[in-house]
A.B. asks: 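One structure follows; several queries about it will come next.
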Amino acid sequence: MAKTKSKEKQGSEFYENPEVLAQQLSKTEEFIENNKKIVFGLGGVIALIIVAFFGYRYYMNNLNQEAQKEMFQAVYWYENGEYDLALDGDGNNFGFLAIVEDYGATEAGNLASFYLGNIYLQQGQFETAIDYLEDFSSDDLLVQARAYALIGDAYMELGNYSTAADQYGKAADYKSNKEFSPVYLMKQGLAYEKANDLEAAIGSYGKVVEDFSDSKQKTEAEKYLSRLEAQK
């Protein structure tokens, strides 16, 4: 208690006594005077870091806007099913491959990887599709979960059912919601069945019934559960 009072007294004296304050300021000035190179050197480094940070952000924002403009035509081709043009462009407009190559560090370049994964999956190039989809990352509820599910679809096509089930699980758990999670859980259940892991499949279908009882998939999940229970 005595120590606390002593500290409080010292703090009060520092703020209320002009002489004490002047002494402290004098010590600070003396330190700066004796260590000018260190003080001003550190100040310069900090200033450079701040300038570099905001300069980089400004540069990346401009680069991303440029990439979005370049990607507009590729998205149009993709939505119209013109996948070859969406991939490679037409000589005047970029395709997604050029977007990723030239603007890969931008948000638009990141999204281009998602589109590329979709296209290669449609074209049956499943391993390439996985590579691009794994390069993609997003905080978006729908798109990131969809990317995991598409990776699962690619592994299903490759016959790697256990890995596919893991990916469907990631899709279902990513910001879990009643609209999409049950869909991915049903896919996970099917993948586990293909992998002959019936207990795990029962777990997936059971989760739909228990955790998403008001979903459209509940009735179908109950049917699958009954079938698997009969096989045990």
Side-chain angles (χ1 to χ4, degrees), residues 59-177 179-195 204 216-217 220:
Y59 169 75
M60 289 304 297
N61 284 336
N62 286 341
L63 197 64
N64 186 57
Q65 290 178 12
E66 183 181 326
Q68 288 176 343
K69 291 178 182 177
E70 294 286 359
M71 196 165 72
F72 179 82
Q73 184 62 45
V75 173
Y76 174 81
W77 286 322
Y78 171 83
E79 291 176 346
N80 284 277
E82 299 176 271
Y83 294 142
D84 289 336
L85 284 171
L87 285 174
D88 299 314
D90 62 358
N92 295 314
N93 298 285
F94 278 13
F96 290 122
L97 287 170
I99 296 293
V100 168
E101 183 176 351
D102 291 358
Y103 302 100
T106 66
E107 293 178 12
N110 179 51
L111 186 58
S113 291
F114 177 79
Y115 279 110
L116 285 169
N118 272 270
I119 292 171
Y120 284 121
L121 185 61
Q122 295 289 332
Q123 293 183 337
Q125 300 185 54
F126 305 119
E127 292 179 350
T128 304
I130 290 169
D131 288 340
Y132 278 108
L133 289 167
E134 287 182 339
D135 283 342
F136 171 77
S137 64
S138 173
D139 293 330
D140 184 84
L141 164 65
L142 302 180
V143 184
Q144 183 60 70
R146 178 65 176 156
Y148 291 141
L150 289 173
I151 294 172
D153 291 344
Y155 277 117
M156 285 287 282
E157 294 290 346
L158 291 170
N160 192 336
Y161 303 123
S162 294
T163 303
D166 291 340
Q167 291 297 321
Y168 291 137
K170 288 173 69 174
D173 292 339
Y174 187 81
K175 299 182 181 180
S176 182
N177 61 89
E179 284 78 19
F180 298 101
S181 293
V183 175
Y184 299 139
L185 285 169
M186 294 299 293
K187 284 193 167 192
Q188 185 186 49
L190 177 60
Y192 279 133
E193 286 196 64
K194 292 278 190 181
S204 297
K216 297 178 181 178
Q217 289 74 31
E220 187 177 11

A.B. asks: Under 3.5 Å, side-chain donor or acceptor atoms of residues 147-164 against the rest of the protein: list the pairs with distances, not counting sequence neighbours.
C.D. replies:
{"from": "D153", "atom 1": "OD1", "to": "Y168", "atom 2": "OH", "distance (Å)": "2.5"}
{"from": "D153", "atom 1": "OD1", "to": "K187", "atom 2": "NZ", "distance (Å)": "3.1"}
{"from": "D153", "atom 1": "OD2", "to": "K187", "atom 2": "NZ", "distance (Å)": "3.4"}
{"from": "N160", "atom 1": "OD1", "to": "T163", "atom 2": "N", "distance (Å)": "3.4"}
{"from": "N160", "atom 1": "OD1", "to": "T163", "atom 2": "OG1", "distance (Å)": "2.9"}
{"from": "N160", "atom 1": "ND2", "to": "T163", "atom 2": "OG1", "distance (Å)": "3.3"}

A.B. asks: In chain order, what residues pass the side chain to side chain contact (heavy atoms under 4.5 Å, CB included) check against D140, with sequence neighbours excluded?
C.D. replies: S138, L142, V143
A.B. asks: Taking side chain to side chain contact (heavy atoms under 4.5 Å, CB included) as the test, write out the residues that go with S113, two or more places apart.
C.D. replies: V100, Y132, D135, F136
A.B. asks: Does E220 have any side chain to side chain donor-acceptor pair (under 3.5 Å) partners at least two apart in sequence or in another chain, and if so, which?
C.D. replies: Y224
A.B. asks: Using atom types as modelled, flag every donor-acceptor pair under 3.5 Å from a side chain in residues 68-76 to any protein atom, sequence neighbours excluded.
C.D. replies:
none

A.B. asks: Could you give the distance from CE (M186) to CG (L190), rounded to the nearest 0.5 Å?
C.D. replies: 8.5 Å
A.B. asks: Could you list the residues that satisfy side chain to side chain donor-acceptor pair (under 3.5 Å) with D88, not counting sequence neighbours?
C.D. replies: none
A.B. asks: Taking the side chain from D90 and the backbone from L85, do they hold a donor-acceptor pair closer than 3.5 Å?
C.D. replies: no
A.B. asks: Which residues satisfy the salt bridge (charged side-chain N to carboxylate O under 4.0 Å, His left out) test with K170, sequence neighbours excluded?
C.D. replies: none
A.B. asks: Applying ring-ring contact (aromatic ring centres under 6.0 Å, His included), name anything that partners Y174, two or more places apart in sequence or on another chain.
C.D. replies: none
A.B. asks: Sequence neighbours left out, what passes ring-ring contact (aromatic ring centres under 6.0 Å, His included) with F126? Give chain and number order.
C.D. replies: none
A.B. asks: Applying side chain to side chain contact (heavy atoms under 4.5 Å, CB included), name anything that partners K216, two or more places apart in sequence or on another chain.
C.D. replies: none
A.B. asks: Judged by atom type as modelled, is there a donor-acceptor pair below 3.5 Å linking the side chain of Q144 to the main-chain atoms of D139?
C.D. replies: no
A.B. asks: Got a sec, which residues hit ring-ring contact (aromatic ring centres under 6.0 Å, His included) with F96, two or more places apart in sequence or on another chain?
C.D. replies: Y115
A.B. asks: Going by ring-ring contact (aromatic ring centres under 6.0 Å, His included), name the residues that satisfy it together with Y83, two or more places apart in sequence or in a different chain.
C.D. replies: Y78
